[in-house]
Amino acid sequence: MTNPEPGETAAPEAGRDFIRDIVAGDLAAKKYPQAVTRFPPEPNGYLHIGHAKSIALNFGIAQEFAGRCHLRFDDTNPVKEEQEYIDAIKADVKWLGFDWGKHLYHASDYFEQLYQWAEGLISAGKAYVDDQSQEEIRINRGTLTEPGKNSPFRERPVAENLDLFRRMRAGEFPNGARVLRAKIDMASGNINLRDPVLYRILHATHPRTGNTWKIYPSYDYAHGQSDAIEGVTHSVCTLEFEDHRPLYDWLIENLPVPSKPHQYEFARLNITYTLLSKRVLTELVKQGHVVGWDDPRMPTLAGLRRRGVPPAAVRDFVKRIGVAKANSTVDVGMFEFSVREALNKTALRRMAVLRPLKVVIENYPEGQTEQLEAANHPDDPAAGTRKITFSRELYIEQDDFMENPPKKFFRLSPGKEVRLRYAYFITCKSVIKNDKGEITELRCVYDPATKGGNAPDGRKVKATMHWLSAADAKPAELRLYNPLFTNPAPNAANFAADLNPASLETLRTALVEPAVIAGDDSEPMQFERQGYFVRDKESGAGKPVFNRVIGLRDTFAKETAKEHAKK
RNA sequence: UGGGGGAUCGUCCAAUGGUAGGACAGCGGACUCUGACUCCGUUAAUCUAGGUUCGAAUCCUAGUCCCCCAGCCA
């Protein structure tokens, strides 16, 4: 985290959303010397693209307003939290491109302070130990339309509360025996104010504090106070915490905290064909619908990373969608746009045949080969060129040939001439089929005068196709991914019903040009006319595996689909 | 029927009393050795009804619809 010179607090991009407006206004009014934000994940799962929106917001504000942003783990529930998640979250935030510098904190760092403040609340008569069972507390809380009833333990003397609370800490009582509650208002229309639980007994091992604590603070009690301890000025969270704000403020007002942070809420991210719920994502993993948190079909940052999505694409996406208070669902197409845009600029071009169809160039001498030059990136000469081999036996894409093509089909068909990219024009002479009538091979002729891909007589072809020399092509496994859900608005409550059975399509007979294997395959490449692919971690020397990050925009396929829909 | 929020092109986000704008998607075209990219053009919206005002997405009144809250989760 960089901390630019003071005085540089004028906001360069102020006013891009209502939260930044507030920050800019507070800074202009000299309410704070510096904007301090925080990203506060609970380590009970992996981060997903919805978190990326929050990360970019919080770290972005710090950058733009010359403030700072903390990474703080909200680790108040040891029953659900694990070290694996803590490590994964840090890795994901870094991957996204943000740096908390020295500002790494945990709510658990403040457990002792929080405890002392709780005793203070008890001493002030503002909190009490409740012996009611969980069930009784629930019943006495009332309903949305009926007020709650005071606990019979609400007027317990301070000394007794203190004694009981200390014994709770000492571990004298089993889980659920008692809780510490704030004494606010059991009749409040806001249920969060009906004597909210501040501490509960939990005999569990915490990833950081081990077995030191037998009681743990609730989210409401820990969160705002952690903000205050850290000097957070703008505590940004999602809409569902809006009606926790009065409680947030009550605690800040009634505790001797060192600063007074304020909470602001924005709408969480939703995307079509996607579920961004930690509960659902956890179940997808645990029930084996995906191979893990980093399954390339997952909307987790780990999944996107493995899928080959550049972090810049994620940042661009969350910047495009903006920040507001209205619930909304972003079209997944908008994310795909960001991914393609990021990849198009940098991905090196290669050729790969997903579903091979053999082609024999009848008039090309047997045994002869030649090296042709191909650009690594047509829009960037600096990316250089590579050699590709041409020979008598080739492979083209099955989709690039039709025996009886419709008018709009520009590719190869009997008697038709097309260009093989960077090579020659070829014309299809005949089709060879097997017993079942399936096309197994094409016999074509080439025009030696078109070497490199241009006809000296100026004649044009409608299509340019990718191809591979049979002797040089390398086998590879290609994994094509489709949305995990078939429903644009998947039902989180019954997500299994909306699962897409075809979310993963594995191509085991695909072929790639040698440069794909030989070159640096850690970065995504574009397999021309197909899409962007990146080497998967399961890839081995003898068995290269590539993930399709995303396909190229395919206007022809879209038109074809439309035609079909009409019929 | 308690409390808290929200409604602007198909979608997401702007416009804070003065020409409703941008992005994605769509459509049409140009270009093209990727049916990609790029470029040009274009369709398309203020939840409803009243009111205030020279002028309303914006202010007022009354409605409608949507979301969140009854964990010892966060």
Side-chain angles (χ1 to χ4, degrees), chain A residues 15-17 21 40-42 44 74 76-77 79-81 130 132-134 137-139 141-148 175-181 187-194 196-202 215-216 218-220 222-223 237-246 265 267 269 272 278-279 317 320-338 340-341 344-345 349 351 374-375 378-379 408-411 419-423 425 452-454 460-466 526-531 551-560:
Chain A
R16 279 189 40 234
D17 58 66
D21 283 347
E42 183 191 12
N44 67 343
D74 229 330
T76 57
N77 186 357
V79 176
K80 292 186 174 178
E81 296 153 6
D130 194 343
Q132 290 184 105
S133 68
Q134 193 163 348
I137 289 181
R138 185 173 59 75
I139 290 166
R141 184 153 29 222
T143 68
L144 294 180
T145 51
E146 296 164 292
N175 288 356
R178 291 176 229 266
V179 290
L180 182 73
R181 292 229 254 171
S188 174
N190 183 342
I191 291 175
N192 294 300
L193 262 20
R194 319 241 261 230
V197 169
L198 267 22
Y199 271 92
R200 73 279 211 195
I201 298 169
L202 244 34
I215 56 173
Y216 289 89
S218 63
Y219 162 84
D220 286 304
H223 199 96
C237 63
T238 44
L239 254 30
E240 65 268 29
F241 293 103
E242 216 154 10
D243 46 18
H244 288 240
R245 191 176 350 118
E265 311 85 12
L269 175 63
T272 56
K278 259 197 218 176
R279 193 209 100 228
F317 170 67
R320 279 171 187 278
I321 59 174
V323 176
K325 289 197 74 158
N327 288 313
S328 62
T329 301
V330 177
D331 192 322
V332 70
M334 215 175 299
F335 175 62
E336 294 175 342
F337 176 85
S338 290
R340 289 194 182 101
E341 188 177 60
N344 179 46
K345 275 182 274 183
R349 310 292 132 117
M351 291 203 278
D379 303 326
K408 294 271 198 60
F409 188 80
F410 303 152
R411 281 106 96 150
R419 172 168 40 228
L420 293 182
R421 186 133 159 99
Y422 299 122
F425 286 11
N454 288 302
K460 301 286 184 194
V461 287
K462 291 278 273 182
T464 298
M465 300 174 3
H466 60 281
Q526 184 194 100
F527 291 171
E528 291 203 66
R529 301 209 305 134
Q530 293 292 350
L552 257 30
R553 213 166 143 253
D554 191 346
T555 315
F556 176 66
K558 205 178 289 174
E559 260 172 46
T560 313

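Because only heavy atoms are used, hydrogens play no part in the values below, and waters and symmetry mates are left out as well, while side chains stay in. The sequence lines fix the lettering, A, B, ..., with proteins before strands; numbering per chain opens at 1.
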(request) Under the salt bridge (charged side-chain N to carboxylate O under 4.0 Å, His left out) rule, what do A/Lys80 and A/Glu42 come out as? Steps first, then yes or no, please. (result) CA-CA 9 Å; A/Lys80 292 186 174 178; A/Glu42 183 191 12; over 6 Å; no
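When distances run from any side-chain atom of A/Lys558 to the nucleotides B/A74, B/G71, B/A25, the shortest one goes to B/A25. In the set B/C68, B/C72, B/U16, B/C72 carries the atom at the smallest distance from any side-chain atom of A/Val197. Side chain of A/Asn77, nearest nucleotide from B/C73, B/U16, B/C72: B/C73. Distance from the side chain of A/Arg421 is smallest to B/U34 among B/A23, B/U34, B/C72. For A/Met334, taking side-chain heavy atoms from C-beta onward, the closest of the listed nucleotides B/C12, B/U34, B/C73 is B/C12.
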Listed pairs, N/O of protein and of nucleotides 37-40 of chain B, under 3.5 Å:
from  : atom 1 : to       : atom 2 : distance (Å)
B/C37 : OP2    : A/Arg553 : NH1    : 3.0
B/C37 : O2'    : A/Asn344 : ND2    : 2.9

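No N or O donor and acceptor, one from the side chain of A/His466 and one from the base of B/A36, sit under 3.5 Å apart. Between the side chain of A/Gln526 and the base of B/U34, a donor-acceptor pair under 3.5 Å is found.
For the OP1/OP2 pair of B/C13 and a distance below 4.0 Å, the side-chain nitrogens and oxygens of A/Ser328 include at least one atom meeting the criterion. At B/C73, one or more side-chain N or O atoms of A/Arg200 fall inside 4.0 Å of OP1 or OP2 (strictly under the cut-off). Not one side-chain nitrogen or oxygen of A/Thr329 sits closer than 4.0 Å to the OP1 or OP2 atom of B/C12.
Contacts of A/Asn192 with the nucleic acid, taken as non-hydrogen atoms under 4.0 Å apart, are absent. Using a 4.0 Å heavy-atom distance criterion, A/Glu81 is classed as making no nucleic acid contact. Within the 4.0 angstrom heavy-atom criterion, base atoms lie near A/Pro378. Across all strands, A/Arg419 comes closer than 4.0 Å to base atoms (heavy-atom distances). Using a 4.0 Å heavy-atom cutoff across all strands shown, A/Thr76 reaches sugar-phosphate atoms only and no base atom. The residue A/Thr560 sits apart from the nucleic acid: no heavy atom pair falls under 4.0 Å.
The same atom, P, is picked in B/G26 and in B/A20; the two are 28 Å apart, to the nearest Å. Using P as the reference atom, B/G18 and B/A62 are 25 Å apart when rounded to the nearest Å.
The CG atom of A/Asn175 sits 15 Å away from the C1' atom of B/C73 (whole-angstrom rounding). The distance between atom OH of A/Tyr216 and atom P of B/A74, rounded to the nearest whole Å, is 12 Å. What separates CG of A/Asp130 from P of B/G71 is a distance of 15 Å, to the nearest Å.
Classification of the A/His244-A/Phe241 ring pair by plane angle, with boundaries at 30° and 60°, yields perpendicular.
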(request) Could you encode protein contacts along nucleotides 2-8 of chain B as a string, one character per nucleotide from 5' to 3', using B for base contact, S for sugar-phosphate-only contact and - for no contact, with a heavy-atom cut-off of under 4.0 Å? (result) BBSSS--
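Residue ring and nucleobase are stacked for A/Phe556 and B/G35, with a centre distance beneath 5.5 angstrom and an angle between planes beneath 30°.
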